[in-house]
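Below: one structure, written as structure tokens.
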Amino acid sequence: MLSLQSTSKPGHMATLNLFLVIMLMNILVSGWSIGVDGLSMGYYLMTCPFADGIVRNTVNRALQSDPTLAAALIRMHFHDCFIQGCDASILIDSTKDNTAEKDSPANLSLRGYEIIDDVKEQLEEQCPGAVSCADIVAMAATTAVFFAGGPYYDIPKGRKDGRRSRIEDTINLPAPSLNASELIRMFGQHGFTAQEMVALSGAHTLGVARCSSFKRRLSNFDSTHDVDPTIDTQFLKTLSKTCSAGDNAEQPFDTTRNIFDNDYYNQLQRKAGVLFSDQTLFVSPRTKPIVDGYSFNQAMFFMDFQQAMLKMSLLDVKEGPKGEVRANCRKIN
């Protein structure tokens with residue numbers, strides 16, 4: 001040991017240490033590579049190392065003030081990814097020449113834009129032009145799930161922001177009137193299995209629905225039934241009472257509206273799903289066993305949900321010249 005110490009020069013040791021650090025960084029970055037359009041877990045390691053922390057801390061502060069925003073941020077991510085891919089097109093404001101996605105009737109109830117703006121402003125101060133709005137939306141959703149008591153999962157970063165946001169594209173969002181077969185087909189067009197569709201529907205364990213999205217179930221339902229026959233009698237009274245306050249009156253999806261758990265599936269078993277597109281999952285023979293499984297086993301739901309959310313976060317991501325990093329999330333550069 002003495003001879004080793006006497007022959008090692010300080011400069012040599014410094015060079016060796018630097019070499020080892022570079023090697024370790026290369027291993028970490030390559031190990032985190034996801035292999036999808038250049039995305040990786042360590043994408044901002046060199047360009048904006050505090051990006052994850054800024055997103056997490058800002059979102060957590062907002063949710064401490066208003067826990068209902070967890071549902072809003074998850075829904076925002078979903079509505080973004082289902083239209084043109086995960087490219088932050090949902091954030092773009094309308095102009096006199098274009099009506100954007102956010103002003104579609106399907107998106108008017110979305111909230112939480114100010115949280116994304118807050119995060120973006122901080123990141124632009126720390127590392128200008130580095131972090132995309134699309135990544136911020138995706139990271140905010142993962143933080144919201146965890147904050148509400150759901151599973152922790154990480155996602156690769158490197159999405160670029162899109163340059164298109166048009167109201168007509170939102171016709172491709174799943175409507176609350178769809179049955180299980182239609183949902184399976186629509187989600188299948190994005191590469192999801194029926195199991196993954198039911199798992200993603202579990203995001204409705206958080207938040208509320210407005211009367212306008214389920215009032216059709218309460219009267220003049222179809223040519224045979226005045227009321228949707230899949231609704232429990234007592235729950236029908238609850239929904240009717242909610243709607244007596246008008247179209248914007250809100251009904252929680254389950255009994256723990258701000259807690260991420262599997263109670264949503266318990267509601268479906270009790271015929272107390274709020275939306276037709278919720279209750280249909282228990283009615284259909286193709287999806288009922290999945291609902292039963294998640295109701296019985298919350299850990300299985302958590303595992304399948306986080307995997308489905310990871311898959312959703314990779315939908316049609318834009319890379320390189322196909323996108324940009326917006327300086328302001330509300331408008332194209």
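All residue numbers in this chain count up from 1 along the given sequence.
Checked by atom type and distance alone, the side chain of Asp226 pairs as donor or acceptor with a backbone atom of Asn220 at under 3.5 Å. Distance alone, capped at 3.5 Å, places no donor-acceptor pair between the Asp228 side chain and the Arg217 backbone. A distance-only check finds a donor-acceptor pair linking the side chain of Lys120 to the backbone of Val131 [under 3.5 Å]. Judged purely by atom type and a 3.5 angstrom limit, Asp247 has no side-chain atom pairing as donor or acceptor with the backbone of Ser212. Looking only at distances, no side-chain donor or acceptor of Tyr113 sits under 3.5 Å from a matching main-chain atom of Leu91. Of the possible donor and acceptor atoms, none in the side chain of Glu124 sits under 3.5 Å from a partner among the backbone N and O of Glu121. For the pair Asp232 (side chain) and Phe235 (backbone), a donor-acceptor distance under 3.5 Å is present. Under the 3.5 Å distance criterion, the side-chain polar atoms of Asn262 are matched with a main-chain donor or acceptor of Tyr294.
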Please determine whether ring pair (Phe, Tyr, Trp, His ring centres under 6.0 Å) holds for the pair Phe260 and Phe146, giving the CA-CA distance in whole Å, both sets of side-chain angles, and the decisive distance to 0.1 Å.
CA-CA 8 Å; Phe260 196 98; Phe146 183 68; over 10 Å; no
Lys102 vs Arg330, side chain to side chain contact (heavy atoms under 4.5 Å, CB included): CA-CA, chis, key distance, verdict:
CA-CA 10 Å; Lys102 65 166 55 173; Arg330 293 176 178 265; 3.5 Å; yes
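Ring planes of Phe276 and Phe221: tilted class, angle from 30 to 60°. His204 and Tyr264 have perpendicular rings, their planes meeting at more than 60° on a 0 to 90° scale where under 30° would count as parallel.
Hydrophobic clustering keeps Ile155 apart from Val325 (ILVMFWY residues linked when any side-chain heavy atoms are closer than 4.5 Å, directly or through intermediates).
The line from CZ of Phe296 to CG of Asn266 is 12.0 Å long, rounded to the nearest 0.5 Å.
Between the side chains of Ser165 and Ser89, no donor-acceptor pair of N or O atoms lies under 3.5 Å.
Screening Thr58, Asn57, Asp117 for a side chain to side chain donor-acceptor pair (under 3.5 Å) with Gln122, the sole residue that qualifies is Thr58.
Taking the centre of each ring, Phe82 and Phe187 come in below the 6.0 Å mark.
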